[in-house]
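The sequence lines fix the lettering, A, B, ..., with proteins before strands; numbering per chain opens at 1.
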Amino acid sequence: MSTNNMSDPRRPNKVLRYKPPPSECNPALDDPTPDYMNLLGMIFSMCGLMLKLKWCAWVAVYCSFISFANSRSSEDTKQMMSSFILTPLSCLRLSISAVVMSYLQNPQPMTPPW
Amino acid sequence: MKAFHTFCVVLLVFGSVSEAKFDDFEDEEDIVEYDDNDFAEFEDVMEDSVTESPQRVIITEDDEDETTVELEGQDENQEGDFEDADTQEGDTESEPYDDEEFEGYEDKPDTSSSKNKDPITIVDVPAHLQNSWESYYLEILMVTGLLAYIMNYIIGKNKNSRLAQAWFNTHRELLESNFTLVGDDGTNKEATSTGKLNQENEHIYNLWCSGRVCCEGMLIQLRFLKRQDLLNVLARMMRPVSDQVQIKVTMNDEDMDTYVFAVGTRKALVRLQKEMQDLSEFCSDKPKSGAKYGLPDSLAILSEMGEVTDGMMDTKMVHFLTHYADKIESVHFSDQFSGPKIMQEEGQPLKLPDTKRTLLFTFNVPGSGNTYPKDMEALLPLMNMVIYSIDKAKKFRLNREGKQKADKNRARVEENFLKLTHVQRQEAAQSRREEKKRAEKERIMNEEDPEKQRRLEAALRREQKKLEKKQMKMKQIKVKAM
């Protein structure tokens, strides 16, 4: 082979498989946005349902959307590492039900909180 | 009737000219029934009302069929003109009409005069009873906001995906010529190249390459900006941030000598020195300027020993660093790499964290946020630098002096660590011993059988004596050693 001096650096016998990095400390190190937003979403949707405040329910919907967009793993079924509160769509479902319930109980348009 | 109606309309149009018509009315002699007194009241009322609020509206019903809206100031005039019209038509018709009209008429001005000061309020129809979409403007705003967020999510996700694919297409050839396994997600039974990036997130993509001389494997992580999150996009408008490519090469133990070394932007190095376990322990000085080796001012060096820096900064490396200085965030070679410092809880003795010989590279994608797929080609030379560094790390060996210094450093660090944990371990052991003693004593106290009690007490005393003897011995040894 003419490329003897530039020998092939590949070594098929030295292949190592990919090991996903250990997940104990990673969730804490990565940014906490999805967790915070999830929590906020839950709180706001509870407020909206209990106190019948429409704007709370809308803020909860926004929070759950933000949490979903920032979520760390693309498939939660694959990695069960994250805390089980971060169930993928539970916050979204809760906030949407808060909005729907607020409007069913009181079809008036929303009054801003200020 | 129709004529009458049109007359009213015309009168409304000429409403502002009241005084002149007043005079006309007074001069008329046809109407005998009206008293001057009545009119006098009228006049006062008229003048007042005209001056105060010529726009007050009274709805009066003259007939069952018709309702006319008359301006208060015009009542008299209309009446007068009515008279004209009616007298034209016929007296018999006008008279009862006049009476009726007049009767109601007297009262109304009286009542209306008393109500002069009460303005008529038009009550607003509450918003929810209005059947208009306008009252739901806040909801429409919210839904629009949500739609905008979803649109941005889709657009951002697609852009990140395109950027990742562009990067991979550019680098695929180089990687495949250097590594046997390009792309693995760890799930297949056999080690075959998937030839694809692992998508960890909407903004993080991984690629694992393996099967090369010198190194165990290389993990490339494309950390893009969170283009899928609208909040992030807005925050980035204030403070531009770059996409990053992080490369971590795990070296074989025999293929890398023992040293810790880092090059990068000053800010990055300061941060790494604080965060990383090995840099904080082995490179205690502040980052030094690399001007001595021909590096631009933006880059600084953190090194365990001067010799390492000299060895690392050969011409080719300097060439790489100067040409692509704007894209390099940090380059970190270490044989003691164990990741960032872990915050330990109190009283938890740890063994030294596992270390691995690694080369770490962090590159910034040009464009500082506004990247296009074609910008990924600019990163190809940096990958060449990575490959070159791998080979260099294998070739570079410390001389004897350097090796001695390095070994001493490592021994020192280990000793420090053991000392720290030794104190903690001792404390833990002490507390455990005390717990045991207390438990024993309680057992003795609780024992009812006196025989057993005596036996246990004796055993306890024997054990205590043994411990004390041991401690005495240890103290003697310590004294001798000192």
Side-chain angles (χ1 to χ4, degrees), chain A residues 3 6-26 28-31 33-34 36-37 54-55 57-76 78-79 81 92 95-96 99 102-103 106-114, chain B residues 126-129 134-143 145-146 149-150 152-153 156-157 176-181 183-188 191 198-204 206-217 219 226 228-232 250 252 339-340 342-343 387 390-391:
Chain A
T3 54
M6 283 172 26
S7 56
D8 193 5
R10 295 180 284 182
R11 296 287 179 271
N13 54 333
K14 289 196 180 164
V15 164
L16 264 178
R17 295 306 304 278
Y18 171 62
K19 264 180 295 197
S23 49
E24 318 106 21
C25 52
N26 273 358
L29 289 177
D30 295 344
D31 78 312
T33 307
Y36 281 154
M37 284 297 151
K54 293 199 175 72
W55 61 269
W58 281 108
V59 171
V61 173
Y62 270 96
C63 283
S64 66
F65 265 82
I66 294 171
S67 165
F68 177 74
N70 281 313
S71 62
R72 271 176 237 122
S73 49
S74 60
E75 290 176 44
D76 270 282
K78 250 197 205 171
Q79 294 171 353
M81 59 172 196
L92 188 64
S95 51
I96 289 180
V99 169
S102 304
Y103 279 94
N106 191 7
Q108 287 179 24
M110 181 165 82
T111 54
W114 53 82
Chain B
H128 67 282
L129 296 176
E134 287 170 0
S135 52
Y136 286 90
Y137 71 97
L138 271 171
E139 277 80 5
I140 291 171
L141 217 68
M142 288 293 192
V143 172
L146 278 178
Y149 195 89
I150 294 172
N152 179 72
Y153 177 81
K157 195 168 87 140
E176 280 180 351
S177 66
N178 271 298
F179 292 91
T180 323
L181 177 71
D184 183 20
D185 56 1
T187 53
N188 295 343
N198 290 346
Q199 183 177 5
E200 197 179 295
N201 229 337
E202 307 299 343
H203 61 284
I204 297 182
N206 285 340
L207 183 71
W208 171 256
C209 306
S210 184
R212 192 185 194 275
V213 295
C214 321
C215 63
E216 285 180 4
L219 179 66
K226 286 190 186 174
Q228 78 272 13
D229 179 21
L230 189 60
L231 282 186
N232 219 292
T250 337
N252 293 327
I342 311 166
M343 293 298 131
I387 305 288
I390 297 176
D391 292 326

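- Only the backbone of B:Ser177 has a heavy atom closer than 4.5 Å to any heavy atom of chain A.
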message: Before you tell me yes or no, could you show the steps for B:Tyr153 and A:Phe65 under side chain to side chain contact (heavy atoms under 4.5 Å, CB included), namely the whole-Å CA-CA distance, both residues' side-chain angles and the distance that decides it to 0.1 Å?
response: CA-CA 10 Å; B:Tyr153 177 81; A:Phe65 265 82; over 6 Å; no
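- Here the CD1-CG distance, from A:Ile66 to B:Asn232, works out to 10.5 Å after rounding to the nearest 0.5 Å.
- Applying the side-chain hydrogen bond (donor to acceptor under 3.5 Å, both in side chains) rule to B:Glu176 yields no partners; only residues at least two apart in sequence or on another chain are considered.
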message: What verdict does the side chain to side chain contact (heavy atoms under 4.5 Å, CB included) test give for B:Trp208 and A:Arg17, after you've listed the backbone C-alpha separation in whole Å, the side-chain angles of each residue and the deciding distance to 0.1 Å?
response: CA-CA 8 Å; B:Trp208 171 256; A:Arg17 295 306 304 278; 5.7 Å; no
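- With a 4.5 Å cut-off on non-hydrogen atoms, B:Ile150 touches chain A through its side chain but not through its backbone.
- Listed here is the closest heavy atom pair of A:Lys14 and B:Ser210: O-OG, 3.8 Å.
- Among the candidates B:Gln228, B:Lys226, B:Glu139, the residue making the largest number of heavy-atom pairs closer than 4.5 Å to chain A is B:Glu139.
- Contacts of B:Leu231 with chain A are made by side-chain atoms alone, with heavy-atom separations under 4.5 Å and no backbone atom involved.
- Residues forming a side-chain hydrogen bond (donor to acceptor under 3.5 Å, both in side chains) with B:Asp229 (at least two apart in sequence, or on another chain): A:Asn70, B:Tyr149.
- Heavy-atom pairs under 4.5 Å with chain A were tallied for B:Asn178, B:Leu181, B:Asp391, B:Asn206; the largest tally goes to B:Asn178.
- Scanning all heavy atoms of the two residues, the minimum distance from A:Trp58 to B:Leu146 falls at CZ3-CD1, 3.9 Å.
- B:Asn198 touches chain A through its side chain: at least one heavy atom from C-beta onward sits under 4.5 Å away, while N, CA, C and O do not.
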message: Run the side chain to side chain contact (heavy atoms under 4.5 Å, CB included) test on A:Trp55 and B:Leu138 for me, step by step, so that the C-alpha distance in whole Å, both residues' side-chain angles and the decisive distance to 0.1 Å come before the verdict.
response: CA-CA 10 Å; A:Trp55 61 269; B:Leu138 271 171; over 6 Å; no
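- Residue contact with chain A, scored on non-hydrogen atoms closer than 4.5 Å, involves the side chain of B:Leu219 exclusively.
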